[in-house]
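Right, one structure below, let's go through it.
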Amino acid sequence: MASPGMDAKEFRKRGKEMVDYIADYLENIQEQRVFPEVEPGYIRKLMPEEAPEDPESWNQIMEDVQTIIMPGVTHWHHPNFHAYFPTANSYAAICGDMLSDAIGGVGFTWASNPACTELEMMMLDWVGRMLKLPNEFLFSAGGKGGGVIQGTASEATLVALLTARNRTVTNNNENKDLLHKMVAYCSDQAHSSVERAGLLAMVKLRSIPSDDERQMRGDALEKAIKEDKANGMIPIFVCATLGTTSTCAFDQLEEIGQVCQRHNVWLHIDAAYAGSAFICPEFRPLLNGVEFADSFNFNPHKWMLVNFDCSLMWIRDSSQLVEAFNVDPLYLKHNHQHSIPDYRHWQIPLGRRFRSLKLWFVIRLYGIKGLQDHIRKQVALAKEFSNLVSTDKNFEIVEEVKMGLVCFKLKGDNKVNEQLLENINKDGRIHIVPAMVKDVYVLRFAICATQTSVKDVQFAWTVIHQLATELGQK
């Protein structure tokens, strides 16, 4: 029988083995099938219904990793994975997470883990400067602004909406009867998490039709707000998207910002994927208009080599956020709580991990230039794929390629493109997902893995071209 648990001696041995396992997995990931060939419920058939009464050995567990877990893994870091958007990964971030797990602190207040709070504050200022955010969003400015690490962009949107809702109630003499009159706005291209935020906050969400370039424009927003005000509604919140999920379109931020300013409406910017690119000077103009925002969010865990979860959110006036989320029991009070942020007031959960460590490790080990090089490389690979598609008269590029995403389709109706996608994913050599753009079914090709090269992009096009040719022959 194995000894229970793991002591320091065993951890030193098994920890080194796990590091080797992880390095071998990532170095040789191209040998795996990108998308697993399993059916729902496959794990239940392979595992006992009850937990073991007696301890089991490390070797038994690792055998089960190979026979039970790995067959059902979708390999997001495979160079032929081109679905969704990237989820970032780096050895630097993995090491930062290891240290965070070892420290194991729960940083809900400054006193509960001073280093956790203060490093997070520094990292939000570091990245804020990398993005050239207005000083009002930085702790170093000494005002009410600052940043926080949320779990996801979905959380950030909900936090922003709840703060805007609370601000409206506070500004109307705590009249909570106004709730049914409140209305929020986003583009019809916005992520589904914005709709979910509206449901959770019990705020009506109005979808603004995008223009021919899939972007929300200021005049369309202005018209909707005026209509709602005339009908007795109270506009409270706008979510502008920079880099939509379907096509990586960019809402017209400067136009939208001026509308929000005129109507005193909270402006939140969701740049979950594309935000990482704004550290590159050539992409920073896409963020122009951020000076109108009340909150801004992007995910380094998508494109900046920081492993999930790490979603950065900046607030212009954090006092409004704290007011919306402040619950202050005696057991959480401490002597410094009014002189430095307690991040429990900046988020939905109480507990929080030491997530800033991995961000710190990544920024220091890559430097700003290394991160910029990574983003530029992936944008160049997307343009390489776009050029390959453009050489074939049977295909068309659906949207301008601005970042690491290419939207394209086989000329013909939606049905033929649905069949092509099904054939591609059934074939298993590459993995992509679709989008519906103004009732047109398109294929999305995203550059995701850090290992993806020109050779991999050319291979993906070869697979797609081959399968499209076979489809046309049927």
Side-chain angles (χ1 to χ4, degrees), residues 85 124-138 140-141 143 145-147 153 156-157 160 164 185-191 194 208 210-222 225 237-300 302-304 311-317 368 371-372 375-376 378-379 382-383 399-405:
F85 276 134
L124 268 294
D125 273 8
W126 273 18
V127 180
R129 289 192 184 93
M130 288 161 63
L131 295 166
K132 293 182 170 52
L133 292 183
N135 283 336
E136 292 87 350
F137 286 104
L138 306 182
S140 59
T157 301
Y185 307 84
C186 68
S187 163
D188 59 7
Q189 300 298 306
H191 194 269
V194 184
I208 306 299
S210 56
D211 66 9
D212 291 341
E213 295 183 10
R214 324 299 175 217
Q215 54 191 355
M216 180 165 62
R217 302 300 299 263
D219 54 356
L221 177 63
E222 177 89 37
I225 288 176
F237 177 87
V238 171
C239 180
T241 305
L242 300 181
T244 60
T245 300
S246 293
T247 64
C248 204
F250 290 77
D251 290 341
Q252 284 290 331
L253 188 56
E254 290 182 288
E255 296 177 7
I256 293 165
Q258 292 176 52
V259 173
C260 291
Q261 189 176 69
R262 281 196 295 273
H263 293 279
N264 192 30
V265 173
W266 185 289
L267 174 58
H268 175 69
I269 300 172
D270 174 9
Y273 163 67
S276 296
F278 301 153
I279 67 171
C280 299
E282 64 268 32
F283 299 123
R284 176 55 178 79
L286 292 167
L287 187 56
N288 289 348
V290 67
E291 62 272 15
F292 294 106
D294 295 281
S295 53
F296 167 71
N297 166 250
F298 87 99
N299 293 341
K302 276 192 168 67
W303 208 11
M304 216 171 84
S311 184
L312 306 190
M313 180 184 188
W314 287 265
I315 305 287
R316 180 181 295 276
D317 184 353
I368 296 173
L371 296 172
Q372 290 172 333
I375 289 161
R376 288 168 176 149
Q378 295 212 324
V379 173
K383 294 194 173 180
E399 299 288 336
E400 179 187 357
V401 178
K402 295 180 179 178
M403 297 282 166
L405 176 70

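- To the nearest 0.5 Å, atoms CD1 (I269) and CD1 (I256) are separated by 9.0 Å.
- No side-chain heavy atom of M216 sits under 4.5 Å from any side-chain heavy atom of Y185.
- For the residue pair F137 and A293, the shortest heavy atom distance occurs at CZ-O, 3.3 Å.
- In terms of modelled atom types and a separation under 3.5 Å, the side chain of R217 and the main chain of Q252 share no donor-acceptor contact.
- Closest non-hydrogen pair, V194 versus A190, comes out as CG2-CB, 4.2 Å.
- Contact record, A160 with H268: CB-ND1, 3.6 Å, taken as the closest heavy-atom pair.
- The side-chain contact (heavy atoms from CB on, under 4.5 Å) search around K132 returns R284, not counting sequence neighbours.
- At a threshold of 4.5 Å between non-hydrogen side-chain atoms, the residues T157 and H191 do not count as touching.
- Taking CD of E213 as the reference point, atom CD of Q215 lies at 5.0 Å (rounded to 0.5 Å).
- Residues meeting the ring pair (Phe, Tyr, Trp, His ring centres under 6.0 Å) test with F85, sequence neighbours left out: Y273.
- Atom CD1 of I315 sits about 14.0 Å away from atom CD of E136, to the nearest 0.5 Å.
- When all heavy atoms of A277 and F283 are compared, the closest pair comes out as O-CB, 3.4 Å.
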Query raised in the report: Under the side-chain contact (heavy atoms from CB on, under 4.5 Å) criterion, do L133 and V127 qualify, and how do the steps go?
Result: CA-CA 9 Å; L133 292 183; V127 180; over 6 Å; no
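- Taken to the nearest 0.5 Å, the CE atom of M130 stands 4.5 Å off from the CD1 atom of I279.
- To the nearest 0.5 Å, atom CZ of residue F296 and atom CG of residue L242 are 7.0 Å apart.
- The side-chain contact (heavy atoms from CB on, under 4.5 Å) check on R262 picks up E222, Q258, V259, with sequence neighbours excluded.
- Panel note: side chain R316, backbone E291; a donor-acceptor pair is recorded below 3.5 Å.
- Shown here are the ring pair (Phe, Tyr, Trp, His ring centres under 6.0 Å) partners of F278, two or more places apart in sequence or in another chain: there are none.
- When all heavy atoms of L131 and F298 are compared, the closest pair comes out as CD1-CE2, 3.6 Å.
- Listed by chain and number, the residues in a side-chain contact (heavy atoms from CB on, under 4.5 Å) with S311 are Q150, A153, N297, N299, H301 (sequence neighbours excluded).
- C248 has its side chain within reach of F250: a pair of non-hydrogen atoms, C-beta onward, lies under 4.5 Å apart.
- The shortest side-chain heavy-atom distance between H263 and V238 does not fall under the 4.5 Å cut-off.
- Looking only at side-chain heavy atoms (C-beta outward), C186 and T241 stay at 4.5 Å or farther from each other.
- For P281, the side-chain contact (heavy atoms from CB on, under 4.5 Å) criterion is met by Q372, R376, not counting sequence neighbours.
- Counting only distance, with no hydrogens or angles, the side chain of S210 and the backbone of D188 share no donor-acceptor pair below 3.5 Å.
- One N or O on the side chain of W314 and one on the backbone of L124 form a donor-acceptor pair closer than 3.5 Å.
- Residues V401 and V379 have side chains not in contact (no heavy-atom distance under 4.5 Å, counting atoms from C-beta outward).
- Put simply, the side chain of D251 never gets that close to the backbone of L253: no donor and acceptor are under 3.5 Å apart.
- Considering CG of L286 and SG of C280, their distance stands at 11.0 Å, rounded to 0.5 Å.
- Heavy atoms only, all atoms of each residue included: C260 and L221 are closest at SG-CD2, 4.4 Å.
- Annotation: side chain of M313 is in contact with side chain of S295 (closest heavy-atom distance under 4.5 Å).
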